[in-house]
2 protein chains.
Amino acid sequence: MHKALLQHIEKFITLEPSEADILESCLNVTTIKRKELVLQEGQVCDTLHFIIKGCMRQYIINSKGTEQTLQFGIENWWITDYLSYHNTIPSHFYIQAVEKSEVIALDKATLEAILIQIPKLERYFRIVAQKSFGAAQMRIKFLFTMSAEERYHHFNNLNPEFVQRVPQYMLASYLDFSAEFMSKIRAGKV
Amino acid sequence: MHKALLQHIEKFITLEPSEADILESCLNVTTIKRKELVLQEGQVCDTLHFIIKGCMRQYIINSKGTEQTLQFGIENWWITDYLSYHNTIPSHFYIQAVEKSEVIALDKATLEAILIQIPKLERYFRIVAQKSFGAAQMRIKFLFTMSAEERYHHFNNLNPEFVQRVPQYMLASYLDFSAEFMSKIRAGKV
DNA sequence: TGTATTTCTTGAAGTAGTTCAAGTTTTTTT
DNA sequence: AAAAAAACTTGAACTACTTCAAGAAATACA
């Protein structure tokens, strides 16, 4: 089932059938159990993960020992720590499956080999990365300009189906407020 | 003076002399005055800006009418709104020179033409974008885990020379606290 | 060089959130 | 179906910041 990735790639570039074949032969799908980690703090990240099905998250453990989610990834998203990946330095993050997920794990050596055979893919990864960076900037804008309650309602409006999929405390930390406060917002007690 | 960009590119990929020539012939340096805007909220962003010299910032105006800086860019940084650029939608941001700056303004049409002639550059832009995204994730981590005072000292330690270059109120908003609070942190009154 | 503008400082009052602790509900596993 | 674990709720006390207002200092530019 690499179809999902091929389809995603073809939103941005056009592959020759032969190129699609090369790509398919290099990829394999793995299943990740709920709560399983694909990256731990301190590890050097050398793998990109493309989510075919399911939900992953990138999180940290703060000084009080509480998890804080920095990023969610769902179907058709790449999730990884690019800073650790490019600089070969220990990651600050954990990456974990929120629900049972199917992903394509693409390690650095394999990716470099693929990029030599299909240089066109550089373009695909460029565009994906630029859009991700753009999205991160919008995220910072929302964190800066909206109150906790506004962030909750805004997220809820944009992603009503997604809110059902993750525990509230994870979403609360992603929106940068406490799980208790989330509870009060939902109950209208704020 | 395109040297700065060529040097930056050659940190990531190797160009043939002929490719460097093509590139040079497509670029021109412009000078931007202090406070001059290269992007306004509501405009579609179709240009990437490479900073050769000086300092630029991306900011918004919040609901209280106050400017909040989301991103600074200095020598050897690209600054743009990639989401507006890729989706051809109105930008949420202003991009402005903090000090008199020399930049290479690369518009979409020119860039696409260059990328056709020198596809290798896709790789350069990919790596730059991935590292930028990685940096944005770290920025979110710091915003989430550190107190205002910790963010100030952390930033100060990492970028002592930079802190001298920008007004404190801009840095305060970048670190997500008020100018008044910054003043108190600096005076040790907190 | 002088004047206008921008930037920085200070204290007092207010508030949007956090933290803690305990109980309840829901979900998962056996 | 029962037991265990995970997730959610509630109120009371607290605190890290903001806002406002006014004056002082620094910087820009005519």
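Chain naming here is simple, since letters A, B, ... match the order of the sequence lines and numbering starts at 1 in each. Small disclaimer: the values here were computed from a predicted structure and weren't measured.
The residues B:Glu75 and B:Arg165 are annotated as salt-bridged, a charged nitrogen and a carboxylate oxygen being separated by less than 4.0 angstrom. We find that B:Arg123 and A:Glu122 are joined by a salt bridge, their nearest charged nitrogen and carboxylate oxygen being less than 4.0 Å apart. Between A:Glu99 and A:Lys35 there is no salt bridge, since none of the side-chain N atoms of the basic residue sits less than 4.0 Å from a carboxylate O of the acidic one.
Taking the ring axis of A:Phe142 as reference, the NZ or CZ atom of A:Arg139 does not stay both within 45° of it and closer than 6.0 Å to the ring centre. Cation-pi geometry between A:Lys108 and A:Tyr85 is met: the NZ or CZ atom falls under 6.0 Å from the ring centre, inside 45° of the normal.
When side chains are defined from C-beta on, A:Tyr94 does not count as touching A:Val38, because their heavy atoms never get closer than 4.5 Å. For the pair A:Ile52/A:Ile104, a side-chain contact is recorded, criterion being any heavy-atom separation below 4.5 Å from C-beta on. Side-chain contact between B:Gln58 and B:Thr69 is absent, with no heavy atoms from C-beta onward closer than 4.5 Å.
In this structure, the CZ atom of B:Arg34 is 11 Å from the P atom of D:dT27, given to the nearest Å. Distance, A:Gln164 CD to D:dA7 C1': 15 Å, rounded to whole Å.
Map B:Glu149 and A:Arg186 each onto its nearest nucleotide of DNA chain D; the residue landing nearer the 5' end is A:Arg186.
A nucleotide of DNA chain C counts as in contact with chain A when one of its atoms lies under 4.0 Å from a heavy atom; the first and last such, 5' to 3', are C:dG17 to C:dT28.
Contacts with DNA chain C (heavy atom under 4.0 Å) in residues 167-185 of chain B: B:Pro167, B:Gln168, B:Tyr169, B:Glu180, B:Ser183, B:Lys184, listed by number.
No more than 12 heavy atoms of other residues, nucleotides or ligands lie within 6.0 Å of NZ in B:Lys53, so this atom counts as exposed by the packing criterion.
Looking at B:Ser132, its side chain does come within 3.5 Å of a backbone N or O of B:Val128 through a donor-acceptor pair.
Axis angle across the helix from C:dT1-D:dA30 to C:dT30-D:dA1, with five pairs used at each end and values rounded to 10°: 70°.
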